[in-house]
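Each chain gets a letter, A, B and so on, in the order its sequence line appears, and its residues count up from 1.
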Amino acid sequence: MKCILFLSLLCSPLFAADPVEADFYKITTYATPKETALEVGSIELMPDGKLALGTRRGEIWIVSGAGSDDAASVNYKLFASGLHEVLGIAYNPKDKNLYATTRYEVTRLIDTDHDGRADVFENVNDSWGVSGDYHEYAIGSRFDKAGDLWVTLCLTGSFGSAVPFRGWALRIKPDGTMVPTCSGIRSPGGIGFDADGEVYYCDNQGPWHGACTLQHLVPGSFQGHPGGNVWYDLAPNMGPRPIDPIPEAFQGERSRKENRPDGDPDRMVTERERIKQLLPPAVYLVHGKIGNSATAIICDLSAGKFGPFSKQLFVADQSHSNLSRVYLETVNGIKQGVVIPFRSGFASGIIGGRMDEEGRVFVGGSDRGWGARGGKPFCFEKCEWTGKTPFEIHEMHAKPDGFEVTFTQPVDPTSAGDLKSYSMREFTYAYREQYGGDEVSEILPKITAATVAADGKSVRLTISPLTQGHIHELHLDGVRSADKLPLLHKVGYYTLNEIPTK
Amino acid sequence: MTRLLFAILLAAAAARAAEPAVFSLKTMTAQMKYDTAELVVQPGQAVKITFENGDDLPHNLVFCQPGTDTAAMAMKQMEKPEDALKRNWLPDDKRIWAHSKMLNPHEKEVISFSAPEKSGNYPYVCTFPGHALTMRGVLKVAPVGDTLHDLQFALYLGNWQQLPDFSKLKPHREGKIDDNLLQVKLDDYKNEFGVVFTGKFVAPRKGPYRFYLSSDDGSRILIDGKDILAYDGIHPSGDIKEAGIPLEKGEHEFRLEYFQGGGEIELYAAWKGSDFQITPLSTWLHPKWKGGTKKQKEFDPIPLVVKDEAVVYRNFIQGAGNRGIGVGYPGGVNIAWSAESMNLALIWRGAFMDAARHWNSRGGGHEKPLGYDVLLPTGEATPAFFVTEKPEAEWPKWDKTKRYEGFHWLGYSLDTKRSPTFRYTWQGAEIEESFAVEGDGNKPDGKAKLIRTIKVTGKLPAHAWYRIGNGSFESRDGSFVSKGSLPYRITASDAQLAGQNLVVRAKPGTMTITYQWAQ
């Protein structure tokens, strides 16, 4: 009997065939050069189908053949070495040179004799401070549509800023001048653009951050951590220094579980009213569920070659070794949206990532310093669509009285129209100086209607109440596709910064 | 029944008799490690641990049963992250028997517990997601071994460089040691004496044993008349020597010979069996025996090897400010340039740099040169160029919060041998600096030279000086030789001493300066 049970357990996946991520997105792990530990920190596309990889060990490798279906045809050539951590690499089509963002400098690398190795290392801009603290990472972007390069600078440690512009986002103009652009950054893990060229970065859980976040870098904005605001005097273009958020608390002493409802609840949504420059995170990358250590931001501009998620963002995580998917919309001029798990199982902690025009996502990273689930100390990998469309939430739109959820495939109207197929939980994080924080102010709203569209591609949910500033965690456990399949990922976390009026 | 109860009481009393084990254990900043890899306690011993989170991430300290796959246990929480979050990432797992809270950065907690009664290796780990692979250690629970019995000493007087043949000498004085612990401050003799200790010990079972020995000056241990471990000669008690020996169950003869020349007097001996921990046999405990803890290992070195091309290494180099650029040249001479002060900061010989500090964990901290004979001709991150009417004046010193005014860093280009030419501007003039090596810095003959070429293009301000040395120098054979503890020689045409400054009047054109270790 036991034996039969065991056998049937073994066989069941063959028959039940609940889809898994790997059915739709395939990961290829490349062998890496033996002479180094290829701790990928940044990835850029080169015009001839090659890639440039910047590493934490300060090397830049030019990779050819990574686009090939044969992983063995990948080839590496060392272009530069000895740089102080390359956490940003950008190809400039105008001068055809690579630009590296390193610990204290944006460097232009020129191969004057065309032997495949850089021989001129020009300082493009080094006008920010570096105090020697390990935490002071510098993460650089690619060139934006104006030809600017963005640099986000980690604070000195978690709380303060010892030297100029730690905790800021800077723009480096084509002439090499620097423009202080956003304050309030804590510990950036990656920077990237959406399909419209808007700039985002990922911040990491810590003081003033209950969870990792995806944040919209709007010039002039304050991104939430006041540690770097001491440098407003050096940034007259930014206007007056924002008033500081209240460091801690104040609906009573937390440890004594006091309840003082009239106190300041230290919520982002309340502080936004006081601090006019404060821009809330576009999406909370819910701690422990989406990730712990957000890094690269990858936009799908492949026009369908990476599957049904055109123009959406993919956010990598170092400690979870995964990619999550973000759909953003603009409500009352503020970016907000939903994050949904996408693909786990990368070999190491993902730090750098980039998608090519053919819809191939190249990622790489290392587990160094924070640990990673993948288990390997470093990796360089490719993630591709298999051509099969997963049954997934496609988009999630905020509505005045709820949400509209669209799907990648038509739904089964019975299950999708059944209120019991859904559940929702709302929560937020305290906006406070202490490290991280719990999910607080939980609300379990009522789902009062689930109306399936005539084409079966979307469902309109009526929710009571919606709560501004809360993360709306939607579970769709009962929803089935027309083919009676469950969703590949049954949860989405929508950050409701603004409730639309129509 | 009564007898059994009595035995239990006795065992409890024995356990209680041990002093509480008091430890402090910290998480290391930015390394995803505890500072302590091993704690050693006795079964049932009271343990008090002051756990301090020195890192910028939350961490806890969770003790598990022997054999627990702690990484898998911590990872399992991810199956139900909502529940794990509610438990603050403390796994719901029966194998956990003691734990701290999840400490925020820079918090501290004192935890107390009784060590398990059962001997074994009890892993401890941080169960915050992703931390368990590296942030872990072992609590070793093992009884202490027996000490010596019937310990006698014989004191000899004499002046030796090595252990003498005590059997041919006549003891000055003999006696019994009441507490049965080896100790050399037996008498008022501070110098020129020797002691032979003899006693017995019982090996609880047949098997391998290990003995440990350190002394100032020489010593050796003999078991059953056989020489097993020696640390002879005149020396400080820097190392602990150790040796293994298989022993039959039962009583054995122990003999330790020691002699003192002059200066410090120390003697440490200990032993360890397969079922008991390192047990001191002496009153003095060697500082490397950390009272039951073993510190975390440093990283394995990653030396950057210079072959036939120069190697550039930009990172935090000790003595070169925060914008250091190390260059290892073929020929065993290395420099660190500062892109902070636009100046040569360090010169050294031999090996180039060890990247292990920066290429492990989060890469924090300043690494010192891997080679030797490190010269800092003008100090850390201080510029060479300066405008002054008095060249003996004090040159600008590094203010870590500011950049030097008037300087602009342009970068560097590499020649065919990958040697960099550094470029910067100062007061509008363009400066290029490059370096060449003559001789072999890896050879001890001291003939290796570093030749520095400075090219100035454009107009310089009046009273511009270029400082090439700072400290005490004397003029000798057309060169200037520093009078510091590591003498070196600077040669440059038109160099002049102005107080503590060795300077050249800065002017457009080319200057050549040679640095050489003095012979």
- Task: Under 4.5 Å heavy-atom distance to chain A, tell me which part of B:D415 shows up: side chain, backbone, both or neither.
- Result: neither

- For B:E405, does the CD atom have more than 12 heavy-atom neighbours from other residues, nucleotides or ligands under 6.0 Å away? no

- Output yes when a side-chain donor or acceptor of A:R368 lies under 3.5 Å from a complementary backbone atom of B:R362, and no otherwise. no

- Message: What part of B:L133 gets within 4.5 angstrom of chain A, counting heavy atoms only: side chain, backbone, both, or neither?
- Response: side chain

- chain A interface, residue from B:T401, B:N104, B:L410 that has the most non-hydrogen pairs under 4.5 Å: B:L410

- Please tell me if the side chains of B:L85 and A:K289 come closer than 4.5 Å, counting only heavy atoms from C-beta onward. yes

- Message: So for B:R418, is it side chain, backbone, both, or neither that comes closer than 4.5 Å to the heavy atoms of chain A?
- Response: side chain

- Mind checking side-chain hydrogen bond (donor to acceptor under 3.5 Å, both in side chains) for A:T102 and listing every partner two or more places apart, or none if nothing turns up? none

- Task: Please state whether the side chain, the backbone, both or neither of B:R323 comes within less than 4.5 Å of a heavy atom of chain A.
- Result: both

- Between chain B and each of A:R108, A:R117, A:Q318, count heavy-atom pairs under 4.5 Å; write down the option with the most. A:R117

- Item | Option in A:G206, A:A118, A:S319, A:G58 with maximal non-hydrogen atom pairs under 4.5 Å from chain B | A:A118

- Message: Would you say B:D56 and A:Y134 are linked by a side-chain donor-acceptor pair, where the criterion is simply a distance under 3.5 Å?
- Response: yes

- Task: Salt-bridge test for A:R425 and B:E82: reply yes if a basic N is under 4.0 Å from a carboxylate O, no otherwise.
- Result: no

- Checking heavy atoms, do the side chain of B:L57, its backbone, both or neither come under 4.5 Å from chain A? both

- By a 4.5 Å heavy-atom criterion (distance strictly below it), what part of B:Y313 contacts chain A: side chain, backbone, both, or neither? backbone

- Counting heavy-atom pairs under 4.5 Å with chain B, the top scorer among A:V120, A:V130, A:V163, A:L83 is A:V130

- Message: Check the orientation of A:F121 and B:Y412. Use parallel for under 30°, tilted for 30 to 60°, and perpendicular for over 60°.
- Response: parallel

- Item | side-chain hydrogen bond (donor to acceptor under 3.5 Å, both in side chains) partners of B:H408, counting only residues at least two apart | none

- Message: So for atom NZ, which belongs to A:K490, do other residues, nucleotides or ligands contribute more than 12 heavy atoms lying within a distance under 6.0 Å?
- Response: yes

- Measure B:Y424 against the heavy atoms of chain A and call it side chain, backbone, both or neither at under 4.5 Å. neither

- Please name the pair of heavy atoms, one in B:P129 and one in A:N292, separated by the smallest distance, quoted to 0.1 Å. CB-ND2, 3.2 Å

- Structural part of A:S321 lying under 4.5 Å from a heavy atom of chain B: neither

- More than 12 foreign heavy atoms under 6.0 Å from CD of B:E109: is that the case here? yes

- Among the listed options B:H358, B:K400, B:R403, B:K86, the residue most often paired with chain A at heavy-atom distances under 4.5 Å: B:R403

